Amino acid sequence: DKFSFSPAVIDGVIAVGAVDEEGLPAKFTNYGMRLDAEAPGVKILMATTHEGGKMSDPSGYVYDSGTSFASPIVAANITQIFTLHPSVTPQQLKYRLFGGVTLSGALEGYVRSGGYINFGKTIVFDGVKPFWVSDLRLLCVYHLFACVNWTTPHDRINDGREGSIVAFNLYFSKHLFAEINEAGVQKTEIFVHGVAGKEVKREFFRELAADTEFFVAVEAVDMAGNTSPPSRVVSFKTKQAEVFLAHTFEEGAEGYKVKS
């Protein structure tokens, strides 16, 4: 996340890292929330020339490592998804790839999806919509900061069943909206990290305008891209900044600070 590597950071590009045989990040791989998922990239058996080349081997095969091996594995998975689901949209493809990963504690916070590619989960047929979020609520609000949370419906969190929740879409606007596709409504995708079962999600809004009303709704998404009905819209109003006189002991001078 500290450095921007092109083309990995370009919108629409799938950035892939490498894991070893135990599903742990390879020592040479990159990491961060700009990296979408991981795939096997350590000690990959590949075909080579019998002789005459730098990596030639009399057997015709050799083991090698690198993200250059992880990336084609993901490309093959995408081809397999398109073969079985020819009408899949780019959005649904993303949910299948990243919602269908095998979650790993070693990869949570390490890559955006929190896991490594799982071919079997990404190709399943799923015609069941996930349950809707019924308890979206405001948790805290200050003058530039607010927090909402909700409970994942029932126990269907990335457990492989039809309708299993793999992500949430959070909708956010400065005006009250009846439809999530209205102009001015912003959307944020949140992939589910953690074990199967019920859990509480929490989302923070930072750098907001002070003394302004905002509106939020959330919907659940399964691996096939099916969405639940949106939750009720929750509103909150940020507070005015409170200014008070404070003494700066280090400099021995008085100055103003903004209290949030």
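Values in this document were obtained by computation on a predicted structure and should not be read as measured data.
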More than 12 heavy atoms from other groups under 6.0 Å of NZ on K187: yes

Other residues, nucleotides and ligands only: do more than 12 of their heavy atoms fall within 6.0 Å of OH on Y63?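 Counting neighbours around OH of Y63, 12 or fewer heavy atoms of other residues, nucleotides or ligands fall under 6.0 Å, so no.
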
Tell me every residue that passes ring pair (Phe, Tyr, Trp, His ring centres under 6.0 Å) with F204, counting only those two or more places apart in sequence or in another chain.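 Ring pair (Phe, Tyr, Trp, His ring centres under 6.0 Å) check on F204 returns F145.
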
Side-chain donor/acceptor of [X] to backbone N/O of [Y], under 3.5 Å:
{"X": "S56", "Y": "T49", "answer": "no"}
{"X": "T83", "Y": "I81", "answer": "no"}
{"X": "S71", "Y": "T67", "answer": "no"}
{"X": "E38", "Y": "G115", "answer": "no"}
{"X": "S235", "Y": "F215", "answer": "no"}

Let me check something: do [X] and [Y] share a hydrophobic cluster, defined by ILVMFWY side-chain heavy atoms less than 4.5 Å apart, either directly or through other members?
{"X": "Y171", "Y": "V216", "result": "no"}
{"X": "I117", "Y": "I14", "result": "yes"}
{"X": "V74", "Y": "F82", "result": "yes"}
{"X": "L24", "Y": "V101", "result": "no"}
{"X": "F214", "Y": "V218", "result": "yes"}

Establish, from distance only, whether the side-chain atoms of D135 and T151 form a donor-acceptor pair under 3.5 Å. yes

What is the distance from atom [atom1] of [X] to atom [atom2] of [Y], rounded to the nearest 0.5 Å?
{"X": "L139", "Y": "N149", "atom1": "CG", "atom2": "CG", "value": "4.5 Å"}
{"X": "D211", "Y": "K237", "atom1": "CG", "atom2": "NZ", "value": "4.5 Å"}
{"X": "I165", "Y": "F131", "atom1": "CD1", "atom2": "CZ", "value": "8.5 Å"}
{"X": "S59", "Y": "L45", "atom1": "OG", "atom2": "CG", "value": "8.0 Å"}
{"X": "I78", "Y": "T122", "atom1": "CD1", "atom2": "OG1", "value": "9.5 Å"}

With ring-ring contact (aromatic ring centres under 6.0 Å, His included) as the criterion, how do F172 and F205 come out once you've worked through the C-alpha distance, each side chain's angles and the decisive distance to 0.1 Å? CA-CA 10 Å; F172 179 71; F205 299 93; 4.5 Å; yes

State, with a plain yes or no, whether a side-chain heavy atom of [X] is found less than 4.5 Å away from one of [Y].
{"X": "M46", "Y": "V62", "answer": "yes"}
{"X": "Q92", "Y": "H85", "answer": "no"}
{"X": "I73", "Y": "F119", "answer": "yes"}

Does the pair E219 and S228 meet the rule for a side-chain contact (heavy atoms from CB on, under 4.5 Å), with working shown? CA-CA 6 Å; E219 66 182 5; S228 71; 3.8 Å; yes

